[in-house]
Amino acid sequence: MERGHLSASEFRGPFDLETTVTSGQTFLWRETEDGWYRTVDGDTIIEVTESDGVIDWRSNADPTEVLNRRLGLSADLPQILEAFPSEPVVQAAKERYAGLRIVTEPVWPTLISFILSAQMRIDRIHEMVTALRKSYGPAIEWQGRTVYGFPQPETLAAATEAELRELGLGYRAPYVTETAELLRDGAVDLKAVRSMEYEAAREALTEFVGVGPKVADCVLLFGMDFDEPVPLDTWIQTAIEEYFPEAAGDSYAETSRAIRDRLGPRPGYAQTYVFTHLRTGGGEQEE
DNA sequence: GACCAGGTAGCAA
DNA sequence: TTGCTACATGGT
């Protein structure tokens with residue numbers, strides 16, 4: 001086992017590991033028995049903990065580059081936060097969660113995770129993703145235990161709808177198998193999507209089954225490094241009605257454009273802060 | 001028992 | 001195009 005750490009001199013600004021990996025951007029990190037967070041990246045097992053913005057890691061390989069990408073450590077967070085709009089709810093979210101970073105997770109697991117997220121609470125999405133890993137993922141031996149990575153597209157394409165319903169996926173089960181088939185067969189080229197202009201990329205992702213504009217936004221924001229997406233979920237829809245009523249449009253595309261114009265140069269970042277703030281009780285005291 | 005959770009597909013008009 | 005409605009499951 002290798003060990004190491006990343007200190008404040010190696011990335012700019014604050015970092016809050018727990019909020020970042022449990023706030024519903026990613027479902028690929030699980031807490032260990034001793035309170036670290038573990039994920040699998042290819043053949044690499046990575047465990048991290050954080051205290052006062054310093055990250056300690058242990059792994060079977062040097063995970064520095066992977067951590068930088070996946071945990072958003074290369075972002076200039078102070079500058080991003082400085083550019084947040086002055087609306088009180090955004091500023092309140094910033095005060096409360098400074099250190100929350102937008103992740104860039106592998107696209108395929110992110111796509112499946114957010115297909116599963118429809119009408120689901122965050123803890124249950126985590127459970128479903130974990131169930132897929134345990135039932136279909138590659139097994140890796142690590143420190144005397146077996147850890148499971150995320151299954152490949154061809155593996156989930158070969159699973160049956162009935163099997164996936166057994167795991168508690170409900171009506172999302174066929175979405176998973178059909179999307180896996182589409183990807184396996186090359187019906188959508190994710191590499192091409194990555195280089196598209198934002199709205200075209202969002203549209204392209206809806207080619208998958210179980211992927212509408214909201215899920216597509218999450219995949220672009222948390223899996224493909226896009227800055228623009230503002231996923232319009234139930235929490236943000238409510239926030240728009242309450243705090244940005246003039247941005248409420250007649251369609252997803254219209255509201256998306258309007259709210260993006262109001263959230264500053266990094267709309268996705270502002271959205272994720274507000275989402276986390278509201279979902280954890282922020283804003284309840286306000287009129 | 002309603003109601004809700006990081007919505008979408010399918011279908012009617 | 002836009003506007004319903006059904007859809008699994010578990011927690012409050």
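What you see below is based on every heavy atom in this structure, not just the backbone, and it leaves out hydrogens, waters and symmetry mates. The structure presented is a predicted model; accordingly, all values stated were derived computationally and were not measured. So that the names make sense, note that chain A is the first sequence line, chain B the second, and so on, each numbered from 1.
A:L164 is listed as a side-chain neighbour of A:Y136, based on a closest heavy-atom distance under 4.5 Å.
For the pair A:L232 CG and B:dT8 C1', the interatomic distance rounds to 15 Å; values are reported in whole Å. Here the C1' atom of nucleotide C:dT9 and the CD atom of A:E166 are 13 Å apart, to the nearest Å. Spacing between atom CE of A:M120 and atom P of B:dT8 amounts to 14 Å, rounded to whole angstrom units. Atom CD1 of A:I112 is separated from atom C1' of B:dG6 by 16 Å (rounded to the nearest Å). Regarding A:R121, its CZ atom lies at a distance of 7 Å from the C1' atom of C:dG10, rounded to whole Å. Atom pair A:I240:CD1 and B:dG6:P shows a separation of 16 Å (rounding to whole Å applied). Residue A:R279 contributes atom CZ, which lies 16 Å from atom P of C:dG11 at whole-angstrom precision. Distance A:Y171 OH to C:dT9 P: 11 Å, rounded to the nearest Å.
Ranked by how close their nearest DNA chain B nucleotide is to the 5' end, A:E178 and A:I236 are led by A:I236. Both A:Q119 and A:D123 lie near DNA chain C, and the one whose nearest nucleotide falls closer to the 5' end is A:Q119.
Contacts of A:G24 with the nucleic acid, taken as non-hydrogen atoms under 4.0 Å apart, include base atoms. Across all strands, A:F222 comes closer than 4.0 Å to base atoms (heavy-atom distances).
The aromatic rings of A:F84 and A:Y269 sit tilted, their planes meeting at an angle between 30° and 60°.
Comparing the P positions of C:dT12 and B:dG6 gives an interatomic distance of 13 Å, to the nearest angstrom. Taking atom C1' on both nucleotides, C:dA8 is separated from B:dC3 by 15 Å, rounded to a whole Å. Comparing C:dG3 with B:dA5, their C1' atoms are spaced 23 Å from each other, to the whole Å.
In the interface, the side chain of A:R172 is not paired with the base of C:dC7 through any donor and acceptor atom under 3.5 Å apart.
Taking the 5.5 Å centre cut-off and the 30° plane limit, the aromatic side chain of A:F275 is classed as stacked on B:dG6.
For the atom pair CD (A:E163) and CG (A:L156), the distance works out to 10.5 Å, reported to the nearest 0.5 Å.
Contacts of A:D62 classified as side-chain contact (heavy atoms from CB on, under 4.5 Å), with partners at least two apart in sequence or in another chain: A:E2, A:W57, A:T64. Remark: A:R145 pairs with A:E33 by the salt bridge (Lys or Arg N to Asp or Glu O under 4.0 Å) rule, at least two apart or across chains.
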